[in-house]
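Structure first, then comments.
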Amino acid sequence: MSQTQPPEMPEISDLIVSFDPNTLRRQAVSKMEVRDQFLRLGNHFAAKIVADLPDQNGILDSESVDRLLIRVHGELQRMSEEFQHGRRVAESLRPILETLRQGNFPKPLRIVDIGCGTGFVIRWLAAKGQCGDDTELIGVDYNSALVQEATRLASEEKLNCRFLTVNAFQLKDPAILLISTGVIHHFRGDDLVQFFRQHDQSSTLGFIHFDFQPSPLALPGAWLFHAVRMRLAISKHDGVLSALRAHSRETLVEAARRGAPGFAIGVYGSRLGKLPIPRVFHSIFGIRPELRESLMHSLGKRKGRLEWFS
Amino acid sequence: MVFLIPILLYLLATLDAGFIGFRAAAGRNALIDKGDYYRKAVLRGVLFGQFAIALIALAGALMLRANAQGENLRYEFLAAGGRMLQIYLPYSGIVLIALALRLIPSVDLRSMTSVLVFGLFVFIRPIVAVAGVVWGLWPNPRWELVVIGGLILALMLSLENILSRSYETRKT
């Protein structure tokens with residue numbers, strides 16, 4: 001990665017799959033075009049990884065790519081498990097759900113995980129029963145192979161959740177709460193504002209999106225962690241790049257306020273207690289303004305974790 | 001000391017093999033509740049570790065038997081083992097403390113142990129392994145000790161690859 005530096009540098013997994021944004025149908029991806037794109041950016045490591053992927057007449061073999069992405073998500077899940085991400089999401093959701101229950105909103109309280117991949121977060125919440133019986137847990141992703149794998153895994157453990165290949169903002173039964181993990185850094189500039197703009201549907205009462213938090217320790221930490229934990233070259237490449245592309249609190253708050261003015265916006269859990277030590281993950285948090293007071297009450301001692309909330 | 005040094009080295013090698021078993025299995029099973037899977041993986045690591053330890057013990061026993069001054073060589077083995085423990089015990093102690101801290105159900109604490117201890121310590125493990133052997137042999141690098149030290153390093157450092165490869169083979 002010499003010429004183009006993050007955050008402009010794309011991740012490999014962003015380029016080796018392509019979907020029609022309207023129909024979500026899989027589109028052919030030219031291996032040489034992706035490889036050459038990385039070469040133009042001076043990223044020979046990524047170009048080599050792409051060049052080694054199987055193809056058919058120059059088009060990346062979609063089945064091989066899907067198998068690879070499922071393995072990548074397996075490695076990502078290992079990271080989520082080690083960093084207790086399921087528990088982190090559950091702890092963040094609990095006060096919001098409590099607020100919604102007090103507000104007597106129609107049940108079920110539908111939680112939708114955007115870009116769920118193989119569905120670790122939704123499956124964890126379902127397996128641990130952390131959200132209560134009045135919630136509905138749904139994971140959505142554009143990649144049907146990942147959705148199928150998530151469905152298979154959930155079925156194997158008889159979990160009460162489901163996964164759909166669909167645009168999260170075009171669900172027949174829309175989400176009450178939108179969540180995601182490691183998704184928002186894929187949106188840059190106006191696309192990030194547009195992403196938040198889509199949250200502003202009347203049925204959606206809140207959202208919480210988790211991602212890496214940029215800090216001086218993010219690069220060495222991400223590099224070290226991926227060097228010792230990840231086996232696949234693509235996981236190592238994209239994992240470190242994700243940490244580097246992560247948005248700052250300022251960027252997230254500004255984009256969310258511009259895109260979703262109908263929500264009170266804040267950043268949740270970015271610091272370790274009252275210490276000036278950044279957590280590995282932070283989250284951009286939004287809730288309808290009329291629920292704000294009730295939420296602060298539900299947060300209790302944890303309300304100090306919610307910063308810049310207005 | 002005659003018993004304590006080999007026993008401690010055995011326990012540390014077994015502990016290391018258990019961790020290796022865990023690491024080799026991690027990231028390959030995407031189910032949520034997989035306690036059994038990890039228990040089997042740790043046991044597998046420990047069993048592979050016993051095989052490696054047995055090889056080292058056998059090599060050491062053959063050397064003692066073949067050496068005319070067996071008692072002297074036994075003393076050298078113990079002295080080298082004692083020095084190796086000076087490196088391996090603090091390393092293992094920190095790992096065990098971090099493991100104990102993970103019993104506390106705190107997202108922050110568990111994340112911190114991952115960042116500050118488990119990731120870093122796995123990264124430096126090969127260096128620590130080599131440092132322990134070099135420190136153990138330093139005062140008296142006689143060929144028998146060098147052979148045993150080399151065998152320890154070869155087995156310690158290849159076990160994870162061997163176990164990982166066995167998972168890959170199973171998959172295909």
Side-chain angles (χ1 to χ4, degrees), chain A residues 67 70-92 117-128 149-150 152-154 156-157 159 161 217-218 220-232 235 269 271-273 275 277 279-281, chain B residues 16 19-39 41 91 95 98-99 101-129 157 160-172:
Chain A
R67 276 198 300 274
I70 287 170
R71 287 185 66 197
V72 168
H73 278 266
E75 297 201 327
L76 281 174
Q77 178 169 330
R78 177 192 189 178
M79 188 176 81
S80 295
E81 287 166 350
E82 200 162 333
F83 283 101
Q84 303 281 298
H85 191 59
R87 194 182 294 266
R88 178 181 294 107
V89 174
E91 286 179 2
S92 304
T118 49
F120 167 71
V121 169
I122 288 292
R123 288 187 292 114
W124 192 95
L125 293 171
K128 306 295 177 186
E149 179 67 0
R152 183 189 72 78
L153 291 164
E156 196 169 326
E157 293 190 286
L159 302 177
C161 57
L217 289 175
W223 182 85
L224 177 71
F225 194 90
H226 287 84
V228 297
R229 292 287 189 263
M230 302 296 179
R231 299 183 182 94
L232 299 166
S235 303
R271 305 272 161 212
L272 201 58
L275 302 169
I277 302 171
R279 286 192 167 95
V280 177
F281 290 94
Chain B
D16 189 46
F19 274 113
I20 287 172
F22 178 86
R23 287 201 301 273
R28 300 181 194 276
N29 182 330
L31 295 175
I32 301 297
D33 286 318
K34 45 182 178 270
D36 279 348
Y37 170 77
Y38 277 133
R39 270 187 286 276
Y91 175 89
V95 171
L99 199 63
L101 284 174
R102 279 185 83 88
L103 294 175
I104 301 170
S106 156
V107 170
D108 287 329
L109 203 57
R110 289 177 175 179
S111 296
M112 275 169 69
T113 58
S114 280
V115 175
L116 300 176
V117 181
F118 291 111
L120 182 65
F121 273 50
V122 170
F123 187 70
I124 65 168
R125 180 179 166 273
I127 300 166
V128 173
L157 299 181
E160 190 158 350
N161 272 338
I162 293 167
L163 279 172
S164 291
R165 221 169 285 164
S166 74
Y167 279 101
E168 299 290 335
T169 314
R170 262 199 238 174
K171 201 177 287 174
T172 54

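Any value given below was found using the heavy atoms of this structure, including those in side chains, with hydrogens, waters and symmetry copies removed. Chain naming here is simple, since letters A, B, ... match the order of the sequence lines and numbering starts at 1 in each.
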So which of A:H85, A:M230, A:E75, A:R279 has the largest heavy-atom pair count under 4.5 angstrom toward chain B?
A:R279
So do the side chains of A:K128 and B:D33 get within less than 4.5 Å of each other, counting heavy atoms only?
yes
Ionic contact status for A:E81 with B:K34, cut-off 4.0 Å:
yes
Give, as side chain, backbone, both or neither, the part of A:L153 having an atom under 4.5 angstrom from any heavy atom of chain B.
both
Out of curiosity, B:D108 CG to A:R88 CZ, how far, rounded to the nearest 0.5 Å?
7.5 Å
Name the region of B:L120, side chain, backbone, both or neither, that has any atom closer than 4.5 Å to a heavy atom of chain A.
both
Measure A:E149 against the heavy atoms of chain B and call it side chain, backbone, both or neither at under 4.5 Å.
neither
Can you name the salt bridge (charged side-chain N to carboxylate O under 4.0 Å, His left out) partners of B:E160, sequence neighbours left out?
B:R23
What residues form a ring-ring contact (aromatic ring centres under 6.0 Å, His included) with A:F225, not counting sequence neighbours?
A:F83
Distance-only, no hydrogens or angles: does the A:E156 side chain make a donor-acceptor pair with backbone N or O of B:L31 under 3.5 Å?
no
Heavy-atom neighbours of A:M79 CE exceed 12 at 6.0 Å
yes
Would you mind checking which part of A:R87 comes under 4.5 Å of any heavy atom in chain B, side chain (CB onward), backbone (N, CA, C, O), both or neither?
both
Within the 4.5 Å heavy-atom criterion, are B:R102 and A:Q84 side-chain neighbours or not?
yes
Name the region of A:F281, side chain, backbone, both or neither, that has any atom closer than 4.5 Å to a heavy atom of chain B.
neither
Between B:A26 and A:R78, which heavy-atom pair has the shortest distance, and what is it?
CB-NE, 3.2 Å
Taking A:R123 for the side chain and B:A30 for the main chain, is one N or O donor matched with an acceptor at less than 3.5 Å?
yes
Quick check: closest heavy atoms across A:E157 and B:I32, and the distance to 0.1 Å?
OE1-N, 2.7 Å
Looking only at heavy atoms, what is the nearest atom pair of A:R231 and B:A24, with distance?
NH2-O, 3.2 Å
If every non-hydrogen atom of B:V122 is compared with every non-hydrogen atom of A:R229, which pair is closest and at what distance?
CG2-NH1, 3.7 Å
